[in-house]
Amino acid sequence: IFDLSGGGPLAFGELLVLIGNKTAATNKDITHTLQRLSAAREIEVLRPQGGFARPGAVIRPGDQLRVARQLKLFGLH
């Protein structure tokens, strides 16, 4: 997400267009993976009306994604 967006937020729909044909994953697979990254607080989901989605919440077509501003010192295993 960071590389594709130049460091800023990236529209969820745009991400699907950019990587959708470059992977064997379905949109459902990509969405599920992004929700897991959100639950792990690796990415943040910004809602179109403002504010952030709860970590792990359903990601909607109008949402913006960005790398979490506060990176973790230790990852989940």
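We number each residue from 1, following the sequence as shown.
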Got a second to check how far L16's CG is from T26's OG1, nearest 0.5 Å? 10.0 Å
Minimal heavy-atom distance between G62 and P48, with the atoms involved, is O-CG, 3.5 Å
Taking the side chain as every heavy atom from C-beta outward, state whether L37 and L65 have any atom pair closer than 4.5 Å. no
Test item: S38 side-chain N/O and L34 main-chain N/O as donor-acceptor pair under 3.5 Å: no
Same hydrophobic cluster for V45 and I19, using side-chain heavy-atom links shorter than 4.5 Å among ILVMFWY? yes
Cluster link I43 to L18, ILVMFWY, side chain under 4.5 Å: yes
Side chains of T31 and F12 in contact at under 4.5 Å (non-hydrogen atoms): yes
How long is the span from the CG atom in L46 to the CG atom in L10, to the nearest 0.5 Å? 11.5 Å
Compare every heavy atom of P9 with every heavy atom of Q64, then report the nearest pair and how far apart it is. OE1-CB, 3.6 Å
Are any non-hydrogen side-chain atoms of R47 and D63 less than 4.5 angstrom apart? yes
